Peer 1: 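I'd like to ask you about the structure that follows.
Each chain gets a letter, A, B and so on, in the order the sequences are listed, and its residues count up from 1. All values derive from a computational prediction rather than experimental measurement.
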Number of protein chains: 2
Amino acid sequence: MTPKKIGGERRGRGRPPSFDRGQALCAAMRLFWDRGYDGTSFDDLIAAMGISASSFYHAFGSKEALYQEAIDAYIKVAGGWFFAALNEETDTRTTFGHLLAAAAAEFTRDDLPAGCMIAVAATQCAPTQARLRDLLASQRTQSEDAMADRLRRGMAAGDLPADTDIEALAAFYGSLLRGMAVQARDGASRERLLEIARIGMQAWPAAQPHPHDS
Amino acid sequence: MTPKKIGGERRGRGRPPSFDRGQALCAAMRLFWDRGYDGTSFDDLIAAMGISASSFYHAFGSKEALYQEAIDAYIKVAGGWFFAALNEETDTRTTFGHLLAAAAAEFTRDDLPAGCMIAVAATQCAPTQARLRDLLASQRTQSEDAMADRLRRGMAAGDLPADTDIEALAAFYGSLLRGMAVQARDGASRERLLEIARIGMQAWPAAQPHPHDS
DNA sequence: TTTTTTTTGGTGTCATCGCTCCATAAATCC
DNA sequence: GGATTTATGGAGCGATGACACCAAAAAAAA
């Protein structure tokens with residue numbers, strides 16, 4: 001096979017890879033995203049990545065290791081809009097409104113698989129896959145923690161009533177996002193997801209009545 | 001093996017089964033519920049059901065056929081509390097509050113697997129399992145339709161503003177329930193789920209201001 | 001008792017899955 | 001150019017997964 005020039009700079013001794021590792025990883029991510037870990041076979045992977053079994057193991061080690069890399073790659077993609085929305089410089093309520101709207105849009109892109117790669121992955125799996133299950137559950141926890149952090153900042157800024165249960169509110173929006181991801185995978189339209197998001201924002205804690213408020 | 005007396009009445013000619021079909025199906029349902037379709041192997045199944053491979057195929061036909069029966073059995077279990085809550089004779093808002101609370105309780109029973117068997121099943125799977133995916137998606141749609149029906153009745157009874165988007169509201173509570181199921185599988189406590197449910201009820205449509213309302 | 005019907009135990013099969021090995025190819029370094 | 005290093009192609013391997021077959025067993029029916 002004709003070796004292709006990949007990436008600008010090349011150095012190091014041996015034969016250069018005939019494929020772009022990043023592109024191959026991206027192809028694997030899409031496949032895992034769409035079909036899950038079990039639903040994606042080794043042969044599916046190397047076909048989609050355009051590489052041979054030996055190159056696969058040489059470059060990625062194992063299916064499970066590749067999956068973990070794919071998760072990391074996904075977090076670079078989804079974490080992009082997720083944290084961008086969370087770190088927006090607006091009041092907390094607007095931030096969460098935008099976060100849900102961004103999710104509705106991202107879950108229904110036509111250039112990527114529907115839904116979220118992590119939201120509902122490995123919730124039902126064999127005991128032998130406990131590692132994957134824990135990995136995914138941990139990622140879900142982390143995204144919820146990020147939302148809780150943002151809510152805490154919001155409370156400090158006075159955007160939320162002082163008696164708001166931050167953890168519960170973060171769990172609520174985390175649940176809603178996961179449910180939206182399922183809807184997306186079942187074929188829900190972007191508009192439908194936006195409606196769900198809009199209703200979800202109706203649950204935003206009402207401001208406490210203050211003596212000096214209108 | 002000593003043939004066991006099972007069920008009250010026996011008739012028909014041949015050798016009686018040495019196991020209770022209902023119990024075996026129940027054991028399979030629990031396993032599928034906990035581990036999903038892919039995560040449950042043939043050997044796992046016959047071990048949990050306490051029967052041999054030949055008895056398995058004789059009684060259930062195939063793994064996929066058994067899964068469908070297990071889904072039906074689950075619907076008998078979960079449909080019980082689900083439709084009981086939906087058909088409660090109260091106002092619509094109270095009904096949905098009780099529905100979410102019932103889900104929180106049922107998703108965290110200590111005598112059954114956590115979460116819901118259907119909520120997030122087969123959202124990511126191989127193309128060869130399109131049948132299962134469609135089956136599960138259809139079940140999810142049905143439960144959402146049932147909620148929409150109840151909301152429509154509620155609107156007719158004046159429990160909901162006339163401009164309420166019924167489909168969107170049903171999709172919202174459907175999403176929330178699925179998200180709660182994921183939380184449950186990730187180990188969330190019943191109390192946490194109840195908090196999520198409580199917040200979800202804050203999204204209930206506000207009554208339209210009427211001239212003759214207080 | 002004999003026949004008929006149904007279930008069971010045990011063994012075998014066939015495909016797939018994830019993975020490994022090794023000889024060879026293609027690059028750099030000396 | 002030769003040595004060294006890294007990647008590739010291709011063949012194959014052991015385990016598992018889902019399932020099939022068939023003779024024997026256990027019941028009712030004749």
Peer 1: Could you check how far CD of B:Gln129 sits from P of D:dG17, rounded to whole Å?
Peer 2: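 Spelled out: CD on B:Gln129 to P on D:dG17 is 14 Å.
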
Peer 1: Over 60° means perpendicular and under 30° means parallel, so tell me whether B:Phe32 and B:Tyr37 are parallel, tilted or perpendicular.
Peer 2: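 If you compare the ring of B:Phe32 with that of B:Tyr37, the planes turn out parallel.
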
Peer 1: When rounded to the nearest 0.5 angstrom, what is the spacing between CG in B:Leu169 and CD in B:Glu167?
Peer 2: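 With rounding to 0.5 Å, CG (B:Leu169) is 10.0 Å from CD (B:Glu167).
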
Peer 1: How long is the line joining CZ of A:Phe19 and C1' of C:dA25, in whole Å?
Peer 2: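 It works out to 16 Å between those atoms.
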
Peer 1: Look through every strand shown and name the nucleotide pairing with D:dA30 as Watson-Crick or G-U wobble, where both distances are under 3.5 Å.
Peer 2: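 Base partner found: C:dT1.
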
Peer 1: Just how far, in rounded Å, is P of D:dA18 from CZ of B:Phe42?
Peer 2: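 Spelled out: CZ on B:Phe42 to P on D:dA18 is 8 Å.
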
Peer 1: Please report the interatomic distance CE(A:Met147) to CG(A:Leu177), rounded to the nearest 0.5 Å.
Peer 2: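 Interatomic distance, A:Met147 CE to A:Leu177 CG, rounded to 0.5 Å: 5.5 Å.
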
Peer 1: For B:Ser18 and C:dT8, is the shortest distance between a side-chain N/O and OP1 or OP2 below 4.0 Å?
Peer 2: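 It does, given that an N or O in the side chain of B:Ser18 lies less than 4.0 Å from OP1 or OP2 of C:dT8.
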
Peer 1: In terms of relative ring orientation, are A:Trp204 and A:Tyr173 parallel, tilted or perpendicular, with 30° and 60° separating the classes?
Peer 2: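 Plane angle between 30° and 60°, so tilted.
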
Peer 1: I need the CG-C1' distance between B:Asp43 and D:dA15, as an integer number of Å.
Peer 2: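 Value for this atom pair: 12 Å.
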
Peer 1: Within the modelled atom types, does a donor on one side and an acceptor on the other bring the side chain of A:Arg13 and the base of C:dA27 under 3.5 Å apart?
Peer 2: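 When only heavy-atom distances are counted, A:Arg13 does not reach the base of C:dA27 through any donor-acceptor pair under 3.5 Å.
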
Peer 1: Which one of A:Trp81, A:Trp33, A:Phe82, A:Tyr67 satisfies the ring-ring contact (aromatic ring centres under 6.0 Å, His included) criterion with A:Tyr74?
Peer 2: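 The option that passes is A:Trp33.
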
Peer 1: Could you check if a side-chain atom of B:Glu191 sits within less than 4.5 angstrom of a side-chain atom of B:Leu193, using non-hydrogen atoms only?
Peer 2: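 No, too far: nothing below the 4.5 Å cut-off.
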
Peer 1: Rounded to the nearest 0.5 Å, how far does CD of B:Gln202 lie from CE of A:Met201?
Peer 2: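 Output value for this atom pair is 13.0 Å.
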
Peer 1: Atom CG in A:Asp149, atom CD1 in A:Ile166: separation rounded to 0.5 Å?
Peer 2: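 So the CG of A:Asp149 and the CD1 of A:Ile166 are separated by 10.0 Å.
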
Peer 1: Figure out the CZ/P separation between A:Arg15 and C:dC22, and round it to whole Å.
Peer 2: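 Spelled out: CZ on A:Arg15 to P on C:dC22 is 19 Å.
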
Peer 1: Enumerate the protein-to-nucleotides 10-14 of chain C contacts in which both atoms are nitrogen or oxygen and the separation is below 3.5 Å.
Peer 2:
from: C:dG10; atom 1: O6; to: B:Ser54; atom 2: OG; distance (Å): 3.4

Peer 1: May I ask you to decide if the ring planes of B:Phe60 and B:Phe19 are parallel, tilted or perpendicular, using 30° and 60° as cut-offs?
Peer 2: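 It falls in the tilted class, 30° to 60°.
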
Peer 1: Under 4.0 Å from any atom of DNA chain C, heavy atoms only: list the residues of residues 55-70 of chain A that qualify, in numerical order.
Peer 2: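 The stretch gives A:Tyr57, A:Ser62, A:Lys63 as the residues lying under 4.0 Å from the strand, ordered by number.
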
